[in-house]
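Keep in mind that what you see is a predicted model, and the values were worked out from it rather than measured. The chain is numbered in sequence order, starting from 1.
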Amino acid sequence: MSIAAERIERLHALAREAAREGDDDRAREYVRLARRLAERNRLTLPREFRRSTCDACDAYLVPGRNARVRTQDGHVVVTCDCGHQSRYPYE
């Protein structure tokens with residue numbers, strides 16, 4: 001695992017902790033840092049990271065607090081407070 005990938009994993013953990021504590025601005029900054037790091041190093045973000053963040057506003061999504069999760073006909077729909085929706089199939 002490269003240094004950049006390790007740092008992305010650490011930023012993901014920090015964003016998760018900050019979001020659970022209610023510090024949404026700090027969590028958003030960690031998400032932005034991780035995305036920028038992945039772009040510069042041409043890495044794909046881990047699946048868990050991609051599915052727990054909003055593409056539109058970079059918020060770390062916590063179901064029930066700033067995200068709504070629904071299932072529909074074989075796929076999951078995650079709606080952020082900003083209105084952006086992400087869809088992915090069941091696994």
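Every residue was checked against the side chain to side chain donor-acceptor pair (under 3.5 Å) condition with Glu48, not counting sequence neighbours, and none meets it. Take Arg7 and apply the side chain to side chain donor-acceptor pair (under 3.5 Å) test, not counting sequence neighbours, and it matches no residue. Taking Val77 as the reference, Gln72, His75, Thr79, Gln85, Arg87 meet the side-chain contact (heavy atoms from CB on, under 4.5 Å) condition, with sequence neighbours excluded.
Follow the hydrophobic side-chain contacts under 4.5 Å out from Val69 and you reach Tyr88 in the same cluster. Hydrophobic clustering (ILVMFWY, side-chain heavy atoms < 4.5 Å, transitive): Ile3 and Met1 are in distinct clusters.
The closest side-chain heavy-atom distance from Glu9 to Pro46 is below 4.5 Å. With contacts defined as side-chain heavy-atom distances shorter than 4.5 Å, the pair Phe49/Leu11 does not qualify.
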Distance-only donor-acceptor hits, side chain of residues 35-44, under 3.5 Å, sequence neighbours excluded:
from  : atom 1 : to    : atom 2 : distance (Å)
Arg35 : NE     : Asp58 : OD1    : 3.0
Arg35 : NH2    : Thr53 : OG1    : 2.9
Arg35 : NH2    : Cys54 : O      : 3.3
Asn41 : ND2    : Leu37 : O      : 2.9

For residues 14-31, run the donor-acceptor check on the side chains, cut-off 3.5 Å, and write out each pair with its distance to 0.1 Å, sequence neighbours left out.
from  : atom 1 : to    : atom 2 : distance (Å)
Arg16 : NH2    : His12 : ND1    : 3.2
Arg28 : NE     : Cys57 : O      : 2.8

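Asp55 CG to Cys80 SG: the interatomic distance, rounded to the nearest 0.5 Å, is 10.0 Å.
Atom CZ of Arg10 sits in a sparse spot, with 12 or fewer heavy atoms from other residues, nucleotides or ligands closer than 6.0 Å.
Between the side chain of Asn66 and the backbone N or O of Ala59, no donor-acceptor pair lies under 3.5 Å.
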